[in-house]
Amino acid sequence: MKIATWNVNSVRARVPHLVAWLGRFAPDVVLLQELKCMDADFPMMEIEATGYRASFQGQKSYNGVAILAREAIEDVVIGLPGDPEDAQARYIEATVSGVRVASIYLPNGNPNPGPKFDYKLGFLARLEAHARGLLALERPVVLGGDYNICPTETDVWDEKAMAGDALIDPLSRAAWRRIVNQGWTDALRQIHPQLRLYSYWDYFRDRFTHDHGLRIDHLLLSPQAADRLMDANVDRSPRGLEKPSDHTPAWVELRG
DNA sequence: ATGGTCGGGCTCCGA
């Protein structure tokens, strides 16, 4: 069972790449972020034509998350609990083939410091509380998405160039560790402990050409999912196409 | 070296 996460930076702008990649990579589940469209504008027909179903939470212009799957998408929960005032479309969770999956678009948090960084830390605190409840289910759970956090120096092409950035802030990293240390497995790091594996390259300054990237897209596995972990990686190929997203898919393969 | 380039939606915001 292949589960992937991909920040597409506008699902409508990325329909050709998304459709081609679904056909080539054939994932069982895809967790999308940054749809950048309202529900009514989601390209449902184009995606269904590829053999996938979709559940999603859209929003005008910003954010937006989706779960695509070839099998049924059940028990959908939209929104991260803990703040009824939060209107940003950043969280969707569902069950596919017995695996609980979440598509998460964590706040970027820049400029740092400021209210956007405070919102990021608040969102992380809510995610920490919710993740603890998911672990208690003692089921296979995969928390995938754009976390907007580089967990360690190995996940950044150049820490100096990122000085002061919310993506490498010690408070962001500490919040990430608090979640992981509950008992989650960072799937790509588990399979590739030392590799520089990036999932994002900024559009400007030919960052992809020079492999000046960041690892900010992650798949966290509950122990019951980690038991089944066979392989994990990023698929760099979509990032090299014309009109790419600035992110490329990260994926895990689970036994069964 | 505080620039550069995208996407969305409409003269600038978010990343």
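Bear in mind the structure is a predicted one, so any value in this text is a computation, not a measurement. Below, read A as the first sequence line, B as the second, and so on, with proteins coming before strands; counting in each chain starts at 1.
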K.L.:
Residues two or more places apart in sequence or in another chain: which of them pass side-chain contact (heavy atoms from CB on, under 4.5 Å) with Arg24(A)?
P.N.:
Trp21(A), Asp235(A), Ser237(A), Pro238(A)

K.L.:
Transitively linked via ILVMFWY side-chain contacts under 4.5 Å: Leu106(A) with Trp184(A)?
P.N.:
yes

K.L.:
Taking any atom under 4.0 angstrom from a heavy atom of chain A, which nucleotides of DNA chain B are the first and last to qualify, 5' to 3'?
P.N.:
dG3(B) to dA15(B)

K.L.:
Mind checking the P distance from dG9(B) to dT5(B)? Whole angstroms is fine.
P.N.:
22 Å

K.L.:
Just to verify, what does Arg205(A) make a side-chain hydrogen bond (donor to acceptor under 3.5 Å, both in side chains) with, not counting sequence neighbours?
P.N.:
none

K.L.:
For nucleotides dT11(B) and dA1(B), find the distance between their P atoms and express it as a whole number of Å.
P.N.:
35 Å

K.L.:
Between Asp246(A) and Lys243(A), name the one whose nearest nucleotide on DNA chain B is closer to the 5' end.
P.N.:
Lys243(A)

K.L.:
Suppose you measure atom P in dG3(B) against the same atom in dC13(B); what distance do you get, rounded to whole Å?
P.N.:
15 Å

K.L.:
Give a yes-or-no answer on whether the side chains of Trp201(A) and Asp206(A) include a donor-acceptor pair shorter than 3.5 Å.
P.N.:
no

K.L.:
Would you check if the distance from the ring center of Trp176(A) to the ring center of His218(A) is below 6.0 Å?
P.N.:
yes

K.L.:
Identify, between Ala13(A) and Asn110(A), the residue whose nearest nucleotide on DNA chain B lies closer to the 5' end.
P.N.:
Ala13(A)

K.L.:
For Gln182(A), does the CD atom sit with more than 12 other heavy atoms under 6.0 Å from it, leaving out its own atoms?
P.N.:
yes

K.L.:
Would you classify Tyr105(A) as touching base, sugar-phosphate or nothing, given that sugar-phosphate means primed atoms plus P, OP1 and OP2, and contacts are heavy atoms under 4.0 Å?
P.N.:
sugar-phosphate

K.L.:
How far does the C1' atom of dC10(B) sit from the matching atom of dG14(B), given to the nearest Å?
P.N.:
15 Å

